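Worksheet: the structure to be examined is printed underneath.
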Amino acid sequence: MNYYIKTYGCQMNVHESEKIANILVELGYQECTDMSTADIIVFNTCCIRGTAEDKIKAHIGEVKHIKKANPNLIVAVCGCMSQQEGVAQSLLNRFPFINIVLGTTNLHLLKERIAQVKNSKRYANTDYCHHAELESYRTSTPNGWVNIIYGCNNYCTYCIVPHVRGREQSRQEDNIVDEVTQLLENGYKEITLLGQNVNSYGKDLNDGSSFAGLLNRLAELPYRYRLRFITSHPKDLSDEVIDAIARHDNICKSIHLPVQSGSTDILRRMNRRYTREDYIALVDRIRASIPNVGITSDIMVGFPNETEQDFFDTLDLVNRVRFSSLFCFIYSRRKGTPAYSMDNQVSIEVKRDRIKRLITTQNIITNQVSQEYHGKVYEILVEDRNDKYDNTYCGRTDCGRLVNFGCDTDLIGQFVNVRIRKSASATLWGDLVMDG
Ligand code: SAH
Ligand code: SF4
Ligand code: F3S
């Protein structure tokens, strides 16, 4: 019996697909790479932007002919898209071949539902539940993802995530430490802690747990490994967290700190709860405490009411802060969010023009920042082979830069030193530096 999981969206979903895979493996399925040979297909969905949803619906539609050829095929849809108001039912109506729909907190039901489908019924469960502690089937060595907090309480006015992921739920600190220890025992060399806003970790537990406390505890585990985390909300990144990163060599000097806009007025309309000046001051504090830190960000253009002046403020912030890389998005109206019904929505032409200018501005900075690496030696954790080139491997610096280098032995999972020779946009190329 074969399974095929198609994952969309953020790292949270990538990791949740590992939990889905574990359920399927326990049921005796094995992974296949060709969807048409699957006995069960799971779509782990995202609805952050309209474009994501359109693409997923088109992909689900393509399963129709596979189901025709194999009527016993089980089709399941889970993740953020299914959790939206009314969507589970509309998916079942539109795609009669879907057997199971599960919301973001219902994964623990998958096993039972698969058994029931075999009696030919169709199921949809999207009621919010407490997150179960589920095991993961991981193939991502040397990097392991570990969830520390689910959901989000921030309610940024454009964002669907709090509506589909529910309120914040932190995992117990001991459970996290046990999971990380287990991974390190099994040879994992890098752990990435996941949450929509990791800095909120522990607040809902009311037992004194905090993100800084968790970082300090994990960083002191007696293993040679690297610790990363995503994502940080600028309003919650505390001095204690900055201090924890600065003090521990094994906490990566890399912070993803989405700013969203460089205009204080737009930030207020987005309910981000910081100003442009707060953000710039925070970046200055981080850089003063953590030399060589890599700061990356997300920015959205075309939020309702964004004027040309607001957009200039964004470009100006980008030029001042000089992110090591930047994810740029066109604002997408999400039903059920406050920004959906705001006046002065921006036209698609203006949005496209602004994103082009933003990307051009960042590309110049990315190239300049990359050149600063040339000639220097960095420690890289070798993560994978780069199949596009012969005898080429890749990994990251601790500040998060992707580095390719030539090598004819498999060094995946090892820490090596690489001297940077050239760069292409955000990607660096280098040569192994031998010890001694
Ligand atoms: N929790 C993370 C972000 C999760 S979504 C945080 O708060 O930083 C990832 C990114 O998608 C966001 O940072 C934002 O830039 C973008 N995004 C979210 N909602 C969007 C929307 N409606 N339209 C376009 N981009 C959006
Ligand atoms: Fe969305 Fe804002 Fe929460 Fe991030 S912090 S998930 S952008 S509501
Ligand atoms: Fe998408 Fe859900 Fe992540 S909407 S970005 S998969 S939290």
Side-chain angles (χ1 to χ4, degrees), residues 6-17 20 43-56 77-84 87 102-105 107 131 145 147-169 193-201 229-237 255-262 266-267 269-274 279 295-304 306 314 323 325-342 345-346 348 351-352 354-355 358:
K6 180 85 182 144
T7 308
Y8 304 85
C10 60
Q11 298 310 337
M12 192 84 68
N13 262 18
V14 173
H15 178 44
E16 267 160 17
S17 286
I20 296 168
F43 290 93
N44 192 11
T45 62
C46 170
C47 56
I48 197 82
R49 285 169 285 275
T51 44
E53 275 197 293
D54 296 344
K55 185 170 77 185
I56 297 167
V77 183
C78 56
C80 294
M81 194 173 108
S82 336
Q83 186 69 51
Q84 291 175 99
V87 168
L102 293 177
T104 53
T105 64
L107 276 187
H131 271 276
W145 308 104
N147 217 319
I148 63 166
I149 178 169
Y150 301 98
C152 179
N153 290 355
N154 286 318
Y155 289 92
C156 301
T157 55
Y158 50 81
C159 186
I160 195 74
V161 172
H163 305 267
V164 293
R165 289 270 179 183
R167 309 282 295 181
E168 286 172 1
Q169 253 183 52
L193 307 178
L194 295 176
Q196 294 302 339
N197 178 15
V198 287
N199 300 284
S200 289
Y201 173 76
F229 54 88
I230 44 172
T231 295
S232 292
H233 193 302
K235 78 174 165 52
D236 297 320
L237 185 68
I255 305 183
H256 186 57
L257 197 64
V259 62
Q260 312 299 357
S261 168
I266 295 296
L267 289 169
R269 292 175 193 272
M270 289 175 163
N271 190 31
R272 290 292 288 181
R273 287 175 276 175
Y274 52 85
Y279 187 87
I295 300 180
T296 57
S297 201
D298 295 345
I299 289 183
M300 190 184 309
V301 299
F303 187 78
E306 186 186 70
T314 295
F323 296 111
S325 70
L326 178 66
F327 297 92
C328 307
F329 303 108
I330 284 180
Y331 165 69
S332 167
R333 281 173 91 178
R334 304 282 69 209
K335 256 197 200 120
T337 64
Y340 183 86
S341 41
M342 282 180 187
Q345 299 281 333
V346 175
I348 186 66
K351 285 173 173 168
R352 286 202 183 118
R354 288 186 185 157
I355 199 167
L358 178 61

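In each ligand, atom 1 is the first atom listed, and ligand 1 is the first ligand listed. None of these values were measured; they are calculated from a predicted model.
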Note to self: Just to be sure I'm reading this right: ignoring hydrogens, which of R334, R49, Q196, K351 gets closest to atom 25 (N) of ligand 1? Compare them by their nearest heavy atoms.
What the structure shows: R49
Margin query: Counting only heavy atoms, tell me which of G195, S332, G9 gets closest to atom 22 (N) of ligand 1.
Written below: S332
Margin query: Can you confirm if the NZ or CZ of R49 lies within 45° of the ring axis of F329 and under 6.0 Å from the centre of its six-membered ring?
Written below: yes
Check: Closer than 4.0 angstrom: is that true for some heavy atom of R165 and an atom of ligand 2?
Finding: no
For [X], state whether at least one heavy atom is located under 4.0 Å from any atom of ligand 1.
X: I330; value: yes
X: I48; value: yes
X: H233; value: no
X: V161; value: no
X: R272; value: yes

Next item on the list: Mind running side chain to side chain contact (heavy atoms under 4.5 Å, CB included) on E53 and R334 for me, showing each step along the way?
Entry: CA-CA 11 Å; E53 275 197 293; R334 304 282 69 209; 2.9 Å; yes
Next item on the list: Report the residue from R272, H233, M300 that forms a side chain to side chain contact (heavy atoms under 4.5 Å, CB included) with P258.
Entry: R272
What residue and heavy atom of the protein are closest to [atom], and at what distance?
atom: atom 14 (C) of ligand 1; answer: Q260 OE1, 3.4 Å
atom: atom 8 (O) of ligand 1; answer: P258 CG, 3.0 Å
atom: atom 3 (Fe) of ligand 3; answer: C10 SG, 2.3 Å

Notebook entry, point to check: Can you tell me if an N/O/S atom from H233 lies under 2.8 Å from atom 2 (Fe) of ligand 2?
Noted result: no
Checklist line | More than 12 heavy atoms of other groups within 6.0 Å of F327 CZ | finding: no
Notebook entry, point to check: ligand 3 versus M12, non-hydrogen atoms closer than 4.0 Å: side chain, backbone, both, neither?
Noted result: neither
Notebook entry, point to check: Does Q196 approach ligand 3 within less than 4.0 angstrom via side chain, backbone, both or neither, non-hydrogen atoms only?
Noted result: side chain
Note to self: Can you tell me which portion of Y155 lies within the under-4.0 Å heavy-atom range of ligand 2? Options are side chain, backbone, both, or neither.
What the structure shows: backbone
